[in-house]
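Before any comments, here is the structure.
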Amino acid sequence: GHTPISACCLLNGQCDDGSSVTIDFCAMNSCVYSFADPPTTCTTVEECPPPGPCALSTCLGGFCTNSVADGGDCCIDTAACDDNDLCTIDSCNTFACSHLPVAGFVAHEKWQFETGTLDGFTVEGGGNGVTWQIADAMATSPPYSLYFGDPSGPTLANGKQVSGKVVSPAVTLPATGPHLMRVWAFIDCEPLFSVDVVTIYVRVGGQDTAVWTKVDIGGTTGLTWQELEVDLSSLELGGKSVQIVFGFDSIDASNNDYQGLYFDDIRLLWPCPPGN
């Protein structure tokens with residue numbers, strides 16, 4: 001008879017514990033799974049101290065063999081440490097998760113249009129193809145971005161005055177600030193301040209308050225993406241339900257053969273609560 005010997009091996013390839021953090025060896029005809037290369041020799045388990053509370057060690061066949069404990073805050077990589085909390089920085093160190101508080105502003109709400117939909121935004125006005133819509137011509141979070149214009153051009157021109165607004169879903173801001181908005185913009189229109197008016201508003205209770213215009217960047221972004229930052233703290237929005245509104249008005253029907261407006265990675269930010 002030929003009865004297989006448990007855990008016996010002839011080649012390294014016969015040993016695989018399925019873990020990405022151990023190196024698999026066949027040593028003295030026994031499988032050894034080690035954190036070290038080469039594996040540490042031993043005669044007793046006391047010669048194999050585990051590097052941390054989540055690491056397990058034993059002495060097998062004259063070599064220290066290792067594994068990582070399951071459950072709790074034990075981990076083999078940072079992905080296993082995600083606590084779904086925007087206010088913590090998650091990491092895996094020596095097979096144990098840590099969750100450190102985030103300093104500064106955190107993007108608690110964001111819209112990236114990655115699914116090719118308006119992500120809950122609603123369009124007001126616009127028409128004849130020149131309106132607010134989703135486009136795939138360019139984006140900072142590919143493949144889609146929020147666009148005003150006619151994507152078949154792309155152009156703002158249709159021989160008419162064009163205008164319209166697009167409104168975000170409502171977001172209730174925390175009672176204490178400060179509050180910021182950041183958004184990436186690609187604005188290609190007439191640079192004159194009196195025409196092709198680009199405005200970002202905050203809507204509260206149906207009332208739109210302008211918080212940014214293209215005047216703030218000199219008219220256009222210069223055929224490149226530019227990140228805009230708007231401090232909303234002076235509006236005293238704490239505890240209120242707000243919507244972000246993007247508006248465009250060509251004012252006239254002439255000289256509108258420009259690519260139009262693209263916005264992407266729209267974020268509302270505020271600090272995490274103390275002690276989070």
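Atoms considered below: every heavy atom in the structure, side chains included; atoms not considered: hydrogens, waters and symmetry mates.
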Regarding C97 and C81, I want to know if their SG-SG distance comes in below 2.5 Å, which is how I'm defining a disulfide.
yes
Could you give me the CA-CA distance, side-chain angles and deciding distance for T131 and Q133, then say whether side chain to side chain donor-acceptor pair (under 3.5 Å) is met?
CA-CA 6 Å; T131 186; Q133 55 200 287; 5.6 Å; no
Between L228 and I217, does the side-chain contact (heavy atoms from CB on, under 4.5 Å) criterion hold? Intermediate values first, please.
CA-CA 9 Å; L228 315 176; I217 56 169; 3.9 Å; yes
Single hit among N255, D196, D257 for side chain to side chain contact (heavy atoms under 4.5 Å, CB included) with L156
D196
Shorter than 2.5 angstrom, is that how the SG atoms of C75 and C92 come out?
yes
Check whether the SG atoms of C64 and C42 are less than 2.5 Å apart, and answer yes or no.
no
Applying salt bridge (charged side-chain N to carboxylate O under 4.0 Å, His left out), run through R203 and E124 and close with a yes or a no.
CA-CA 13 Å; R203 178 175 292 181; E124 299 177 351; 3.0 Å; yes
Counting only heavy atoms not in D70, do more than 12 sit closer than 6.0 Å to its CG atom?
no
I would like to know whether D90 and T88 meet side chain to side chain donor-acceptor pair (under 3.5 Å); could you show each step before the answer?
CA-CA 6 Å; D90 306 320; T88 61; 3.1 Å; yes
Decide side-chain contact (heavy atoms from CB on, under 4.5 Å) for E114 and D119; before the verdict, give the C-alpha distance in whole Å, the side-chain angles of both, and the deciding distance to 0.1 Å.
CA-CA 9 Å; E114 293 174 325; D119 275 1; over 6 Å; no
Quick check against the 3.5 Å criterion: does D188 have a side-chain atom that pairs as donor or acceptor with the backbone of Y258?
no
In this structure, which one of F148, F263, F246 forms a side chain to side chain contact (heavy atoms under 4.5 Å, CB included) with V198?
F263
State whether the side chain of N29 and the backbone N or O of C9 hold a donor-acceptor pair below 3.5 Å, judged by distance alone.
yes
Answer yes or no: is the gap between the SG atoms of C87 and C272 smaller than 2.5 Å?
yes
Polar side-chain atom of T221 near backbone of T224 as donor-acceptor pair, under 3.5 Å
yes
